[in-house]
2 protein chains.
Amino acid sequence: MGTTQLESVPEPKYWHLRTVLSEALDSEFSVGEILPNERDLAARFGVARATLRQALEQLELEGRLQRRRGVGTTVAPPRVGVAVGTEQHAWPGAADDAWQLADCTQAVPPAAVVTALETGADEPVHIVRRTRVSHGRPVAAELLYVPASSVPDLSAIDAPSGPARARAVLRELQRLELEGEDRAVELGSASAEDAKELDRLPGAPVLVVTTRFFAEGRTAALSVALYRADTCRLTFGDSGKVEIHHGPERQAS
Amino acid sequence: MGTTQLESVPEPKYWHLRTVLSEALDSEFSVGEILPNERDLAARFGVARATLRQALEQLELEGRLQRRRGVGTTVAPPRVGVAVGTEQHAWPGAADDAWQLADCTQAVPPAAVVTALETGADEPVHIVRRTRVSHGRPVAAELLYVPASSVPDLSAIDAPSGPARARAVLRELQRLELEGEDRAVELGSASAEDAKELDRLPGAPVLVVTTRFFAEGRTAALSVALYRADTCRLTFGDSGKVEIHHGPERQAS
(Lines give C-alpha, C1' and ligand atoms only; values in the text may rest on other atoms or scores of the structure.)
Protein backbone atom coordinates (compact mmCIF):
# COMPACT_ATOMS: atom_id res chain seq x y z
CA MET A 1 0.00 0.00 0.00
CA GLY A 2 1.43 3.40 -0.95
CA THR A 3 1.61 5.74 2.00
CA THR A 4 2.18 9.46 2.10
CA GLN A 5 5.55 10.38 3.55
CA LEU A 6 4.15 11.72 6.76
CA GLU A 7 7.49 11.89 8.54
CA SER A 8 8.41 14.78 6.31
CA VAL A 9 5.17 16.73 6.83
CA PRO A 10 5.55 19.49 9.42
CA GLU A 11 2.54 20.67 11.43
CA PRO A 12 0.72 23.07 9.10
CA LYS A 13 0.49 26.75 10.04
CA TYR A 14 -3.29 26.72 10.42
CA TRP A 15 -3.06 23.80 12.81
CA HIS A 16 -0.62 25.63 15.04
CA LEU A 17 -2.90 28.69 14.95
CA ARG A 18 -5.88 26.49 15.81
CA THR A 19 -4.09 25.34 18.96
CA VAL A 20 -3.18 28.90 19.94
CA LEU A 21 -6.74 30.10 19.23
CA SER A 22 -8.18 27.18 21.19
CA GLU A 23 -6.16 28.21 24.23
CA ALA A 24 -7.26 31.83 23.79
CA LEU A 25 -10.91 30.67 23.71
CA ASP A 26 -10.39 28.87 27.02
CA SER A 27 -8.67 31.76 28.77
CA GLU A 28 -10.10 34.95 27.28
CA PHE A 29 -13.59 34.24 25.96
CA SER A 30 -16.82 32.96 27.42
CA VAL A 31 -19.59 30.94 25.77
CA GLY A 32 -21.70 33.00 23.37
CA GLU A 33 -19.15 35.80 23.11
CA ILE A 34 -18.58 37.24 19.63
CA LEU A 35 -15.02 36.98 18.30
CA PRO A 36 -13.24 40.01 16.78
CA ASN A 37 -13.50 40.20 12.99
CA GLU A 38 -11.16 38.23 10.75
CA ARG A 39 -8.95 41.20 9.85
CA ASP A 40 -8.30 42.02 13.51
CA LEU A 41 -7.71 38.39 14.43
CA ALA A 42 -5.30 37.86 11.52
CA ALA A 43 -3.39 40.96 12.57
CA ARG A 44 -3.25 39.92 16.21
CA PHE A 45 -1.83 36.49 15.43
CA GLY A 46 0.34 37.68 12.55
CA VAL A 47 -1.11 35.29 9.97
CA ALA A 48 -2.67 35.54 6.53
CA ARG A 49 -6.47 35.74 6.29
CA ALA A 50 -6.56 32.36 4.51
CA THR A 51 -4.67 30.68 7.36
CA LEU A 52 -6.95 32.28 9.92
CA ARG A 53 -10.03 31.16 8.04
CA GLN A 54 -8.73 27.58 7.90
CA ALA A 55 -8.13 27.58 11.64
CA LEU A 56 -11.62 29.00 12.30
CA GLU A 57 -13.17 26.34 10.08
CA GLN A 58 -11.26 23.69 11.98
CA LEU A 59 -12.52 25.01 15.33
CA GLU A 60 -16.05 25.14 13.94
CA LEU A 61 -15.74 21.49 12.90
CA GLU A 62 -14.59 20.67 16.42
CA GLY A 63 -17.64 22.39 17.88
CA ARG A 64 -15.64 25.18 19.55
CA LEU A 65 -17.00 27.97 17.36
CA GLN A 66 -20.31 28.72 15.68
CA ARG A 67 -20.62 30.90 12.61
CA ARG A 68 -23.98 32.45 11.99
CA ARG A 69 -24.97 34.87 9.30
CA GLY A 70 -25.61 38.38 10.55
CA VAL A 71 -24.18 37.51 13.96
CA GLY A 72 -20.59 36.56 13.29
CA THR A 73 -18.41 33.96 14.94
CA THR A 74 -19.30 33.10 18.52
CA VAL A 75 -17.84 30.78 21.14
CA ALA A 76 -19.94 27.59 21.10
CA PRO A 77 -21.38 26.02 24.24
CA PRO A 78 -20.00 22.56 25.13
CA ARG A 79 -21.44 19.77 23.04
CA VAL A 80 -24.67 18.23 24.24
CA GLY A 81 -24.55 14.57 25.23
CA VAL A 82 -27.31 12.74 23.31
CA ALA A 83 -28.15 9.20 24.41
CA VAL A 84 -28.18 6.81 21.46
CA GLY A 85 -27.81 3.32 22.85
CA THR A 86 -30.22 2.34 25.59
CA GLU A 87 -29.81 -0.42 28.14
CA GLN A 88 -33.09 -2.04 27.19
CA HIS A 89 -33.92 -2.32 23.53
CA ALA A 90 -36.99 -0.43 22.41
CA TRP A 91 -38.93 0.12 19.20
CA PRO A 92 -39.01 3.61 17.70
CA GLY A 93 -42.04 5.42 19.08
CA ALA A 94 -41.82 3.87 22.57
CA ALA A 95 -43.20 6.02 25.39
CA ASP A 96 -39.95 7.78 26.44
CA ASP A 97 -38.95 8.43 22.85
CA ALA A 98 -37.17 11.76 22.22
CA TRP A 99 -38.29 11.93 18.59
CA GLN A 100 -41.00 13.96 16.90
CA LEU A 101 -42.92 12.49 14.00
CA ALA A 102 -42.77 14.68 10.92
CA ASP A 103 -44.09 12.69 8.00
CA CYS A 104 -44.64 9.28 6.43
CA THR A 105 -44.50 8.32 2.77
CA GLN A 106 -44.25 5.14 0.74
CA ALA A 107 -41.37 4.73 -1.71
CA VAL A 108 -38.69 2.35 -2.96
CA PRO A 109 -35.68 2.88 -0.65
CA PRO A 110 -32.02 3.27 -1.75
CA ALA A 111 -30.24 0.06 -2.84
CA ALA A 112 -28.28 -0.48 0.40
CA VAL A 113 -31.51 -0.26 2.42
CA VAL A 114 -33.17 -2.77 0.07
CA THR A 115 -30.25 -5.14 0.75
CA ALA A 116 -30.46 -4.70 4.52
CA LEU A 117 -34.24 -5.17 4.61
CA GLU A 118 -34.21 -7.96 2.00
CA THR A 119 -37.19 -6.40 0.28
CA GLY A 120 -37.76 -6.61 -3.47
CA ALA A 121 -35.82 -4.19 -5.68
CA ASP A 122 -38.99 -2.33 -6.70
CA GLU A 123 -40.93 -2.87 -3.48
CA PRO A 124 -42.05 0.33 -1.78
CA VAL A 125 -41.63 0.55 2.01
CA HIS A 126 -43.01 2.94 4.60
CA ILE A 127 -40.58 5.80 5.22
CA VAL A 128 -41.18 7.61 8.49
CA ARG A 129 -39.36 10.92 8.88
CA ARG A 130 -38.64 12.00 12.44
CA THR A 131 -36.66 14.78 14.10
CA ARG A 132 -35.04 14.93 17.49
CA VAL A 133 -34.86 18.12 19.53
CA SER A 134 -32.63 18.62 22.57
CA HIS A 135 -32.58 21.76 24.72
CA GLY A 136 -34.81 23.47 22.14
CA ARG A 137 -32.47 22.82 19.19
CA PRO A 138 -32.77 20.31 16.39
CA VAL A 139 -30.04 17.69 16.91
CA ALA A 140 -30.98 14.89 14.52
CA ALA A 141 -33.06 14.05 11.44
CA GLU A 142 -34.02 10.43 10.79
CA LEU A 143 -35.49 8.26 8.08
CA LEU A 144 -36.99 5.03 9.40
CA TYR A 145 -37.60 2.37 6.74
CA VAL A 146 -40.37 -0.13 7.55
CA PRO A 147 -41.25 -2.91 5.06
CA ALA A 148 -44.96 -3.57 4.56
CA SER A 149 -44.41 -7.12 5.88
CA SER A 150 -43.46 -5.68 9.31
CA VAL A 151 -46.82 -3.90 9.64
CA PRO A 152 -49.24 -6.36 7.95
CA ASP A 153 -52.34 -5.05 9.71
CA LEU A 154 -51.78 -1.41 8.81
CA SER A 155 -55.01 -0.25 7.29
CA ALA A 156 -55.29 1.90 4.20
CA ILE A 157 -58.05 3.72 6.05
CA ASP A 158 -55.45 5.14 8.45
CA ALA A 159 -54.32 8.66 7.54
CA PRO A 160 -52.59 8.42 4.13
CA SER A 161 -49.61 10.60 5.08
CA GLY A 162 -48.25 13.06 7.62
CA PRO A 163 -47.62 12.59 11.35
CA ALA A 164 -50.87 10.63 11.84
CA ARG A 165 -49.76 8.07 9.26
CA ALA A 166 -46.31 7.91 10.90
CA ARG A 167 -47.97 7.24 14.26
CA ALA A 168 -50.05 4.42 12.77
CA VAL A 169 -46.95 2.76 11.25
CA LEU A 170 -45.03 2.90 14.55
CA ARG A 171 -48.04 1.61 16.48
CA GLU A 172 -48.28 -1.41 14.17
CA LEU A 173 -44.51 -1.97 14.30
CA GLN A 174 -44.70 -2.22 18.09
CA ARG A 175 -46.90 -5.31 17.78
CA LEU A 176 -43.78 -7.26 16.75
CA GLU A 177 -41.54 -8.58 19.49
CA LEU A 178 -38.17 -6.79 19.25
CA GLU A 179 -35.39 -9.40 19.38
CA GLY A 180 -32.38 -7.11 19.22
CA GLU A 181 -30.77 -4.22 17.45
CA ASP A 182 -27.35 -3.14 16.31
CA ARG A 183 -25.85 0.18 15.41
CA ALA A 184 -23.12 1.69 13.29
CA VAL A 185 -21.76 5.23 13.53
CA GLU A 186 -19.84 6.98 10.77
CA LEU A 187 -19.08 10.42 9.43
CA GLY A 188 -21.33 11.83 6.73
CA SER A 189 -22.60 15.13 5.46
CA ALA A 190 -26.05 16.63 5.36
CA SER A 191 -27.95 16.91 2.11
CA ALA A 192 -29.76 20.18 1.44
CA GLU A 193 -33.02 18.76 2.81
CA ASP A 194 -31.46 17.30 5.96
CA ALA A 195 -29.37 20.42 6.53
CA LYS A 196 -32.51 22.55 6.56
CA GLU A 197 -34.07 20.39 9.27
CA LEU A 198 -30.88 20.60 11.31
CA ASP A 199 -30.58 24.38 10.86
CA ARG A 200 -27.25 23.92 9.07
CA LEU A 201 -25.86 24.54 5.60
CA PRO A 202 -25.79 21.70 3.02
CA GLY A 203 -22.64 19.58 3.37
CA ALA A 204 -22.37 20.18 7.13
CA PRO A 205 -20.67 17.23 8.86
CA VAL A 206 -23.05 14.82 10.58
CA LEU A 207 -22.67 11.64 12.58
CA VAL A 208 -24.70 9.01 10.74
CA VAL A 209 -26.19 6.40 13.06
CA THR A 210 -27.61 3.35 11.26
CA THR A 211 -29.74 1.10 13.48
CA ARG A 212 -31.11 -2.28 12.47
CA PHE A 213 -34.09 -3.57 14.46
CA PHE A 214 -34.45 -7.35 14.47
CA ALA A 215 -37.76 -9.23 14.87
CA GLU A 216 -39.04 -12.57 13.64
CA GLY A 217 -35.48 -13.53 12.68
CA ARG A 218 -34.96 -10.70 10.22
CA THR A 219 -34.38 -6.95 9.96
CA ALA A 220 -37.86 -5.58 10.63
CA ALA A 221 -36.94 -1.91 10.35
CA LEU A 222 -33.88 0.21 9.54
CA SER A 223 -33.18 3.70 10.83
CA VAL A 224 -30.69 6.16 9.32
CA ALA A 225 -30.32 9.14 11.66
CA LEU A 226 -28.11 12.17 11.05
CA TYR A 227 -26.85 13.92 14.19
CA ARG A 228 -25.26 17.40 14.03
CA ALA A 229 -21.55 16.74 14.45
CA ASP A 230 -20.83 20.27 15.66
CA THR A 231 -23.13 20.21 18.67
CA CYS A 232 -23.66 16.52 19.55
CA ARG A 233 -21.72 13.97 21.50
CA LEU A 234 -23.42 10.58 21.14
CA THR A 235 -23.51 8.58 24.37
CA PHE A 236 -23.84 4.82 24.66
CA GLY A 237 -24.34 2.49 27.59
CA ASP A 238 -24.77 3.00 31.34
CA SER A 239 -26.21 6.44 31.87
CA GLY A 240 -26.79 8.35 35.08
CA LYS A 241 -23.10 8.31 35.94
CA VAL A 242 -20.96 11.43 36.24
CA GLU A 243 -20.92 13.57 33.10
CA ILE A 244 -17.73 14.62 31.37
CA HIS A 245 -18.61 18.13 30.32
CA HIS A 246 -15.85 18.83 27.86
CA GLY A 247 -15.28 16.88 24.68
CA PRO A 248 -12.20 14.69 24.54
CA GLU A 249 -10.73 16.81 21.76
CA ARG A 250 -10.54 19.52 24.36
CA GLN A 251 -9.09 17.03 26.81
CA ALA A 252 -6.36 16.10 24.42
CA SER A 253 -5.29 19.61 23.48
CA MET B 1 -31.95 31.86 19.33
CA GLY B 2 -30.74 33.50 16.13
CA THR B 3 -30.96 31.15 13.18
CA THR B 4 -29.53 31.48 9.72
CA GLN B 5 -32.16 32.02 7.07
CA LEU B 6 -31.78 28.59 5.57
CA GLU B 7 -34.94 28.76 3.51
CA SER B 8 -33.19 31.24 1.25
CA VAL B 9 -30.00 29.19 0.83
CA PRO B 10 -29.96 27.25 -2.45
CA GLU B 11 -27.94 24.04 -2.75
CA PRO B 12 -24.36 25.18 -3.35
CA LYS B 13 -22.70 24.39 -6.69
CA TYR B 14 -20.06 22.13 -5.19
CA TRP B 15 -22.75 20.07 -3.47
CA HIS B 16 -24.58 19.50 -6.71
CA LEU B 17 -21.26 18.53 -8.34
CA ARG B 18 -20.54 16.17 -5.43
CA THR B 19 -23.81 14.34 -6.13
CA VAL B 20 -23.08 14.11 -9.86
CA LEU B 21 -19.51 12.92 -9.16
CA SER B 22 -20.76 10.41 -6.62
CA GLU B 23 -23.04 8.87 -9.23
CA ALA B 24 -20.17 8.81 -11.75
CA LEU B 25 -18.02 6.97 -9.17
CA ASP B 26 -20.72 4.33 -8.82
CA SER B 27 -21.28 3.82 -12.52
CA GLU B 28 -17.93 4.47 -14.22
CA PHE B 29 -15.14 3.76 -11.75
CA SER B 30 -14.01 0.82 -9.69
CA VAL B 31 -12.28 0.74 -6.30
CA GLY B 32 -8.61 1.78 -6.48
CA GLU B 33 -8.98 3.41 -9.90
CA ILE B 34 -7.20 6.74 -10.38
CA LEU B 35 -9.42 9.71 -11.29
CA PRO B 36 -8.54 12.02 -14.21
CA ASN B 37 -6.64 15.16 -13.16
CA GLU B 38 -8.44 18.20 -11.81
CA ARG B 39 -8.20 20.19 -15.03
CA ASP B 40 -9.83 17.44 -17.08
CA LEU B 41 -12.51 16.84 -14.48
CA ALA B 42 -13.34 20.55 -14.21
CA ALA B 43 -13.64 20.75 -17.99
CA ARG B 44 -15.81 17.65 -18.21
CA PHE B 45 -18.29 18.93 -15.62
CA GLY B 46 -18.06 22.55 -16.73
CA VAL B 47 -17.11 23.94 -13.32
CA ALA B 48 -14.35 26.10 -11.89
CA ARG B 49 -11.33 24.35 -10.37
CA ALA B 50 -12.22 25.72 -6.91
CA THR B 51 -15.70 24.18 -7.10
CA LEU B 52 -14.26 20.87 -8.25
CA ARG B 53 -11.74 20.86 -5.42
CA GLN B 54 -14.47 21.53 -2.86
CA ALA B 55 -16.53 18.62 -4.21
CA LEU B 56 -13.48 16.32 -4.14
CA GLU B 57 -12.74 17.34 -0.54
CA GLN B 58 -16.33 16.58 0.35
CA LEU B 59 -16.14 13.12 -1.21
CA GLU B 60 -12.85 12.49 0.57
CA LEU B 61 -14.50 13.43 3.89
CA GLU B 62 -17.27 10.97 3.08
CA GLY B 63 -14.75 8.22 2.48
CA ARG B 64 -15.51 7.90 -1.24
CA LEU B 65 -12.14 9.18 -2.45
CA GLN B 66 -8.58 8.94 -1.20
CA ARG B 67 -5.94 11.49 -2.06
CA ARG B 68 -2.36 10.36 -1.78
CA ARG B 69 0.76 12.25 -2.66
CA GLY B 70 2.51 10.98 -5.75
CA VAL B 71 -0.45 8.75 -6.62
CA GLY B 72 -3.34 11.12 -7.14
CA THR B 73 -7.01 10.74 -6.29
CA THR B 74 -8.30 7.17 -6.20
CA VAL B 75 -11.69 5.61 -5.57
CA ALA B 76 -11.75 4.45 -1.93
CA PRO B 77 -12.82 0.97 -0.87
CA PRO B 78 -15.99 0.80 1.27
CA ARG B 79 -15.48 1.76 4.89
CA VAL B 80 -14.36 -0.99 7.24
CA GLY B 81 -16.76 -1.91 10.05
CA VAL B 82 -14.83 -1.73 13.33
CA ALA B 83 -16.49 -3.23 16.43
CA VAL B 84 -16.43 -0.78 19.33
CA GLY B 85 -19.08 -1.89 21.78
CA THR B 86 -18.93 -5.52 22.86
CA GLU B 87 -21.75 -7.59 24.32
CA GLN B 88 -19.71 -8.51 27.38
CA HIS B 89 -17.69 -5.78 29.05
CA ALA B 90 -13.96 -6.32 29.05
CA TRP B 91 -10.88 -4.54 30.32
CA PRO B 92 -8.38 -3.17 27.79
CA GLY B 93 -5.77 -5.85 27.14
CA ALA B 94 -8.22 -8.78 27.39
CA ALA B 95 -7.29 -11.84 25.33
CA ASP B 96 -9.26 -11.03 22.16
CA ASP B 97 -8.15 -7.42 22.17
CA ALA B 98 -7.51 -5.86 18.73
CA TRP B 99 -5.03 -3.31 20.10
CA GLN B 100 -1.24 -3.19 19.98
CA LEU B 101 0.66 -1.72 22.90
CA ALA B 102 2.95 1.08 21.83
CA ASP B 103 4.17 2.85 24.95
CA CYS B 104 3.49 3.82 28.54
CA THR B 105 4.44 7.02 30.34
CA GLN B 106 3.47 8.78 33.55
CA ALA B 107 2.18 12.36 33.38
CA VAL B 108 -0.52 14.72 34.62
CA PRO B 109 -3.48 14.28 32.23
CA PRO B 110 -5.53 17.11 30.64
CA ALA B 111 -8.04 18.85 32.94
CA ALA B 112 -11.15 17.04 31.64
CA VAL B 113 -9.48 13.66 32.26
CA VAL B 114 -8.54 14.76 35.79
CA THR B 115 -12.22 15.59 36.40
CA ALA B 116 -13.43 12.25 35.03
CA LEU B 117 -10.90 10.25 37.02
CA GLU B 118 -11.26 12.42 40.15
CA THR B 119 -7.50 12.41 40.56
CA GLY B 120 -5.59 15.34 42.05
CA ALA B 121 -4.87 18.32 39.79
CA ASP B 122 -1.12 17.65 39.83
CA GLU B 123 -1.31 13.87 40.19
CA PRO B 124 0.45 11.92 37.45
CA VAL B 125 -1.36 8.89 36.01
CA HIS B 126 -0.20 6.03 33.80
CA ILE B 127 -0.81 6.82 30.15
CA VAL B 128 -0.83 3.76 27.90
CA ARG B 129 -0.64 4.45 24.17
CA ARG B 130 -2.14 1.79 21.92
CA THR B 131 -2.89 1.47 18.22
CA ARG B 132 -5.45 -0.62 16.43
CA VAL B 133 -4.84 -2.16 13.05
CA SER B 134 -7.54 -3.62 10.80
CA HIS B 135 -6.87 -5.35 7.47
CA GLY B 136 -3.25 -4.22 7.70
CA ARG B 137 -4.08 -0.53 8.08
CA PRO B 138 -3.94 1.69 11.16
CA VAL B 139 -7.53 2.55 12.10
CA ALA B 140 -7.25 4.01 15.59
CA ALA B 141 -4.82 5.57 18.07
CA GLU B 142 -5.68 5.52 21.78
CA LEU B 143 -4.55 7.04 25.03
CA LEU B 144 -5.64 5.04 28.08
CA TYR B 145 -5.42 6.93 31.38
CA VAL B 146 -4.98 4.75 34.48
CA PRO B 147 -4.70 6.36 37.95
CA ALA B 148 -2.05 4.87 40.26
CA SER B 149 -4.84 3.91 42.68
CA SER B 150 -6.26 1.49 40.07
CA VAL B 151 -2.99 -0.46 39.89
CA PRO B 152 -1.73 -0.31 43.52
CA ASP B 153 0.50 -3.37 43.22
CA LEU B 154 2.33 -2.20 40.11
CA SER B 155 5.99 -2.54 40.91
CA ALA B 156 8.60 0.06 40.07
CA ILE B 157 10.83 -2.88 39.14
CA ASP B 158 8.58 -3.57 36.13
CA ALA B 159 9.96 -2.11 32.90
CA PRO B 160 9.97 1.68 33.34
CA SER B 161 8.49 2.47 29.92
CA GLY B 162 7.66 1.07 26.49
CA PRO B 163 5.34 -1.83 25.58
CA ALA B 164 6.56 -3.98 28.49
CA ARG B 165 5.50 -1.29 30.95
CA ALA B 166 2.14 -0.92 29.17
CA ARG B 167 1.62 -4.67 29.49
CA ALA B 168 2.37 -4.55 33.23
CA VAL B 169 -0.15 -1.71 33.76
CA LEU B 170 -2.93 -3.55 31.89
CA ARG B 171 -2.14 -6.79 33.72
CA GLU B 172 -2.53 -5.03 37.08
CA LEU B 173 -5.70 -3.23 35.90
CA GLN B 174 -7.30 -6.59 35.12
CA ARG B 175 -7.10 -7.54 38.81
CA LEU B 176 -9.99 -5.12 39.45
CA GLU B 177 -13.50 -6.37 38.82
CA LEU B 178 -15.01 -4.40 35.93
CA GLU B 179 -18.47 -3.17 36.94
CA GLY B 180 -19.46 -1.44 33.75
CA GLU B 181 -18.43 0.98 31.07
CA ASP B 182 -19.96 3.74 29.00
CA ARG B 183 -18.99 5.40 25.77
CA ALA B 184 -19.35 8.66 23.91
CA VAL B 185 -18.66 9.27 20.22
CA GLU B 186 -18.01 12.68 18.70
CA LEU B 187 -16.25 14.33 15.80
CA GLY B 188 -12.69 15.55 16.33
CA SER B 189 -9.52 16.08 14.39
CA ALA B 190 -6.14 14.43 14.61
CA SER B 191 -3.19 16.28 16.13
CA ALA B 192 0.12 16.04 14.27
CA GLU B 193 1.23 13.14 16.47
CA ASP B 194 -2.02 11.20 16.18
CA ALA B 195 -2.22 11.88 12.45
CA LYS B 196 1.21 10.31 11.95
CA GLU B 197 0.11 7.11 13.67
CA LEU B 198 -3.04 7.02 11.57
CA ASP B 199 -1.14 7.67 8.32
CA ARG B 200 -3.09 10.89 7.80
CA LEU B 201 -2.32 14.61 7.69
CA PRO B 202 -2.74 16.76 10.82
CA GLY B 203 -6.31 18.01 11.20
CA ALA B 204 -7.81 14.94 9.50
CA PRO B 205 -11.33 14.23 10.81
CA VAL B 206 -11.52 11.45 13.38
CA LEU B 207 -14.30 9.83 15.39
CA VAL B 208 -13.34 10.28 19.03
CA VAL B 209 -14.55 7.43 21.25
CA THR B 210 -14.28 8.16 24.97
CA THR B 211 -14.80 5.10 27.19
CA ARG B 212 -15.08 5.16 30.97
CA PHE B 213 -14.36 1.89 32.78
CA PHE B 214 -16.04 1.59 36.17
CA ALA B 215 -14.71 -0.49 39.09
CA GLU B 216 -14.93 -0.19 42.86
CA GLY B 217 -17.68 2.42 42.45
CA ARG B 218 -15.56 4.88 40.49
CA THR B 219 -13.97 5.52 37.08
CA ALA B 220 -10.96 3.21 37.22
CA ALA B 221 -9.64 4.05 33.74
CA LEU B 222 -10.48 6.36 30.84
CA SER B 223 -9.78 5.70 27.18
CA VAL B 224 -9.73 8.35 24.44
CA ALA B 225 -9.47 6.61 21.06
CA LEU B 226 -9.31 8.37 17.70
CA TYR B 227 -10.68 6.38 14.75
CA ARG B 228 -10.01 7.44 11.14
CA ALA B 229 -13.30 8.96 10.00
CA ASP B 230 -12.55 8.42 6.32
CA THR B 231 -12.14 4.64 6.48
CA CYS B 232 -14.01 3.50 9.62
CA ARG B 233 -17.60 2.71 10.43
CA LEU B 234 -17.91 2.06 14.16
CA THR B 235 -20.23 -0.83 15.00
CA PHE B 236 -22.04 -1.39 18.28
CA GLY B 237 -24.11 -4.24 19.67
CA ASP B 238 -25.15 -7.63 18.31
CA SER B 239 -22.58 -8.70 15.79
CA GLY B 240 -22.53 -11.69 13.49
CA LYS B 241 -25.68 -10.55 11.71
CA VAL B 242 -25.79 -9.61 8.04
CA GLU B 243 -23.39 -6.84 7.09
CA ILE B 244 -24.48 -3.68 5.32
CA HIS B 245 -21.57 -3.10 3.01
CA HIS B 246 -22.22 0.44 1.93
CA GLY B 247 -22.30 3.41 4.26
CA PRO B 248 -25.66 5.04 4.84
CA GLU B 249 -24.47 8.24 3.17
CA ARG B 250 -24.30 6.17 0.04
CA GLN B 251 -27.70 4.71 0.83
CA ALA B 252 -29.21 8.14 1.12
CA SER B 253 -27.78 9.58 -2.10
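Given the structure is predicted, the values throughout are model-derived calculations rather than measurements. Residue numbers start from 1 in every chain, and the chains themselves are labelled A, B, ... in the order their sequence lines are given, proteins ahead of strands.
In this structure, chain B has no heavy atom under 4.5 Å from any part of A225(A). Heavy-atom distances place both the backbone and the side chain of L61(A) under 4.5 Å from chain B.
Here the side chain of R18(B) pairs no donor or acceptor atom with the backbone of G203(A) at under 3.5 angstrom. Under the 3.5 Å distance criterion, the side-chain polar atoms of R79(B) are matched with a main-chain donor or acceptor of L187(A).
Contact detail for W15(B) and S189(A): the closest heavy-atom pair is CH2-OG, 3.6 Å.
Environment of CD in E177(B): sparse, with no more than 12 heavy atoms of neighbouring residues, nucleotides or ligands closer than 6.0 Å.
Within the model, atoms CD of E186(B) and CD of E62(A) stand 10.0 Å from one another, a figure rounded to the nearest 0.5 Å.
A search for side-chain contact (heavy atoms from CB on, under 4.5 Å) contacts involving T51(A) returns K13(A), Y14(A), L17(A), V47(A), A48(A), not counting sequence neighbours.
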**Prompt:** What do the steps show when you test F236(A) against V185(B) for side chain to side chain contact (heavy atoms under 4.5 Å, CB included), and what is the final call?
**Reply:** CA-CA 8 Å; F236(A) 296 82; V185(B) 178; 3.6 Å; yes
